[in-house]
Amino acid sequence: QVRPVESGGGSVQSGGSLRLSCKASEYWASIECIGWFRQAPGKEREGVATIFSGAGETKYSDFAAGRFTISRDDAKNTVYLQMNSLEPEDTATYYCAAETRSRQYCYAPTYEYIRRGQGTQVTVSS
């Protein structure tokens, strides 16, 4: 399956910001929901944020709410994750994931969505 393609990772100081992008042109019209999850070395995967097709409902994990914002640009077939007030604990590989099967799968953890990207590294130093 064609994977979403992430970009925008990098290294920042604590308190800094980054914007991640994820492009999924080949199947954008089929996407029920698309979002981000992350995984730090030695830790479990954890969902970050998801945005639904249509009205654009969003959901965030507790650690992301208030600091991160997910948005999408349908004209560019791209979803973004704006991350502000980054902390060293946010250091991880961030993955984009899209669900194209049916809406019901959107209520599973983001890392279970059917199409997952290769990831982009985010490193936050203190």
Side-chain angles (χ1 to χ4, degrees):
Q1 289 186 339
V2 178
R3 295 172 178 263
V5 179
E6 305 97 336
S7 61
S11 297
V12 295
Q13 298 273 5
S14 180
S17 299
L18 281 174
R19 188 176 81 155
L20 306 183
S21 300
C22 171
K23 196 168 180 70
S25 296
E26 293 85 353
Y27 45 85
W28 187 260
S30 301
I31 291 175
E32 297 287 343
C33 55
I34 185 167
W36 298 86
F37 66 96
R38 71 185 188 182
Q39 188 166 26
K43 295 190 176 180
E44 300 282 327
R45 293 173 299 181
E46 53 183 355
V48 178
T50 296
I51 187 165
F52 287 72
S53 63
E57 174 191 355
T58 57
K59 60 176 182 174
Y60 295 91
S61 293
D62 288 345
F63 66 82
R67 297 190 301 132
F68 296 0
T69 302
I70 189 169
S71 62
R72 71 175 198 258
D73 185 336
D74 292 333
K76 295 183 178 180
N77 300 334
T78 299
V79 65
Y80 302 98
L81 185 68
Q82 177 67 44
M83 303 187 294
N84 299 327
S85 302
L86 284 162
E87 303 165 352
E89 294 73 24
D90 295 314
T91 294
T93 301
Y94 284 71
Y95 299 87
C96 179
E99 184 53 67
T100 55
R101 292 172 290 182
S102 70
R103 198 86 163 184
Q104 66 184 52
Y105 291 98
C106 292
Y107 299 97
T110 313
Y111 50 78
E112 294 184 4
Y113 292 175
I114 191 73
R115 298 178 187 265
R116 297 183 288 272
Q118 299 273 34
T120 186
Q121 178 66 36
V122 171
T123 303
V124 186
S125 57
S126 57

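Looking only at side-chain heavy atoms (C-beta outward), Thr91 and Gln121 come within less than 4.5 Å of each other. Contact check for Tyr105 versus Glu112: no side-chain heavy atoms found under the 4.5 Å cut-off.
In this structure, NZ in Lys59 is found 5.5 Å from OG1 in Thr110, a value given to the nearest 0.5 Å. Annotation: the span from Glu44 atom CD to Tyr111 atom OH amounts to 7.5 Å, rounded to 0.5 Å. To the nearest 0.5 Å, atom CD of residue Glu57 and atom SG of residue Cys106 are 9.5 Å apart.
Here the closest heavy-atom approach between residue Cys33 and residue Thr50 is recorded as CB-CG2, 3.9 Å. A pairwise comparison of heavy atoms in Ser125 and Pro88 identifies C-CG, 4.4 Å as the closest pair. Of all heavy-atom pairs between Tyr95 and Glu6, the closest is CA-OE2, 3.4 Å. Residues Cys22 and Pro4 approach most closely at SG-CB, 3.4 Å, considering heavy atoms.
Taking Arg67 as the reference, Asp90 meet the side-chain hydrogen bond (donor to acceptor under 3.5 Å, both in side chains) condition, with sequence neighbours excluded. Residues passing the side-chain hydrogen bond (donor to acceptor under 3.5 Å, both in side chains) test with Arg101 are Glu99, sequence neighbours excluded. For the side-chain hydrogen bond (donor to acceptor under 3.5 Å, both in side chains) test, no residue two or more places apart in sequence or in another chain qualifies with Arg116. Contacts of Ser53 classified as side-chain hydrogen bond (donor to acceptor under 3.5 Å, both in side chains), with partners at least two apart in sequence or in another chain: Arg103.
Judged as a side-chain hydrogen bond (donor to acceptor under 3.5 Å, both in side chains), the pairs with a partner in residues 79-88 (not counting sequence neighbours) are, in order, Ser17-Asn84, Gln82-Asn84.
Taking Ile, Leu, Val, Met, Phe, Trp and Tyr as members and joining any whose side-chain heavy atoms lie under 4.5 Å apart, directly or through other members, the hydrophobic cluster of Val2 also contains Val12, Leu18, Leu20, Tyr27, Trp28, Ile31, Ile34, Trp36, Val48, Ile51, Tyr60, Phe63, Phe68, Ile70, Val79, Leu81, Met83, Leu86, Tyr94, Val122, Val124.
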Inset, instruction - Please lay out, stage by stage, how Thr93 and Gln39 fare under the test side chain to side chain contact (heavy atoms under 4.5 Å, CB included). - result: CA-CA 5 Å; Thr93 301; Gln39 188 166 26; 5.5 Å; no
